[in-house]
J.: 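Pasting a structure below so you can have a look.
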Amino acid sequence: MLRVEGLTAGYGRAQVLFGIDLEVPAGAVVSVMGRNGVGKTTLLNTVMGVLPATGGRVLFDGADITRRGTHARVRGRIGYVPQGHGTFPQLTVEENLLVAWEATGRRDPGGVAAALGVFPRLRELLKRRAGFLSGGQQQQLAIARALVTDPRLLVLDEPTEGIQPSIVAEIEEAITTLHQNRGLTVLLVEQYLDIALRLADAFTVIDRGSVVRQGGRAELRDGEIQRLLAI
Ligand SMILES: Nc1ncnc2c1ncn2[C@@H]1O[C@H](COP(=O)(O)OP(=O)(O)OP(=O)(O)O)[C@@H](O)[C@H]1O
């Protein structure tokens, strides 16, 4: 479904990605892993067009989307949950969802209800400002916002970062449900091996902007991978 070929990107003269190749097959959960600062967020931002690629290609269902803007990618049904969730703190939960829905340009309001179906607890919080939610609730809202756009591919940057363990379990469960029951394809950055082991079918380990290992879930148990992820 998503194919990344020889992708390069960076900030000004500082190159961060040095030719990343990555494949996310339809229906799979693929985890991008690696130590802090190796370029995981830069990769997702380039996949989403938040950051321009300086070389290489991003293909979605075979179409070259490398030069498309982020909105076009979202309308093309790639949902994005950026690191630190990216919700609007001054807006209520409901407004956050409606803003995302309006951006899709669709008229049917079904997307909001469907997103709330995945995180029913958000229903009680619809009138609360997002800035007053707990970290876990904000992350749930961020994922719900992406779901409003009815994505086929969901791109998640460290959805469990800095969240208390009980909520981590809820977020993991939601990702599993979306994948298993709704057939959503997922590309996620996940730094923790135990979470990736539970969620991912396949993984890519990045080190200093290059892919150093790729494989299936079983290979994640390899000591070499654990060494690559150790700080
Ligand atoms: N806006 C920016 N301007 C300049 N350099 C940046 C910017 N954002 C990130 N970098 C640099 O790019 C490199 C990769 O950062 P990136 O955030 O992609 O890594 P990461 O693997 O996602 O790390 P983390 O797990 O800490 O989020 C780092 O050296 C970082 O300092």
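We count ligands from 1, going down the list as the structure has it; atoms in each ligand are counted the same way.
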J.: Say whether T42 and Y11, considering side chains only, have a donor N or O and an acceptor N or O under 3.5 Å apart.
T.: yes
J.: Would you say CZ of R77 has more than 12 non-hydrogen atoms from neighbouring residues, nucleotides or ligands within 6.0 angstrom?
T.: yes
J.: Pairing donors with acceptors under 3.5 angstrom, does anything connect the side chains of N45 and Y80?
T.: yes
J.: Looking at R217 and L197, would you say the former's side chain and the latter's main chain have a donor-acceptor pair under 3.5 Å?
T.: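 Side chain of R217 to backbone of L197, a donor-acceptor pair under 3.5 Å: yes, one is there.
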J.: Verify, without hydrogens or angle tests, whether Q138 (side chain) and L133 (backbone) share a donor-acceptor contact under 3.5 angstrom.
T.: yes
J.: Using a 3.5 Å cut-off and no angle test, enumerate the donor-acceptor pairs between side-chain atoms of residues 64-74 and protein atoms at least two apart in sequence or in another chain.
T.:
from, atom 1, to, atom 2, distance (Å)
D64, OD1, T66, N, 3.0
D64, OD1, T66, OG1, 2.4
T66, OG1, V58, N, 2.9
R67, NH1, A53, O, 3.4
T70, OG1, M48, O, 3.0
T70, OG1, G49, O, 3.2
T70, OG1, V50, N, 3.4
R73, NE, R68, O, 2.9
R73, NH1, T46, O, 3.3
R73, NH1, V47, O, 2.6
R73, NH2, I65, O, 3.0
R73, NH2, T66, O, 2.9
R73, NH2, R68, O, 2.7

J.: Name the residues in contact with ligand 1, where contact means a heavy atom under 4.0 Å away: which are they?
T.: Y11, V16, R35, N36, G37, V38, G39, K40, T41, T42, Q83, E158
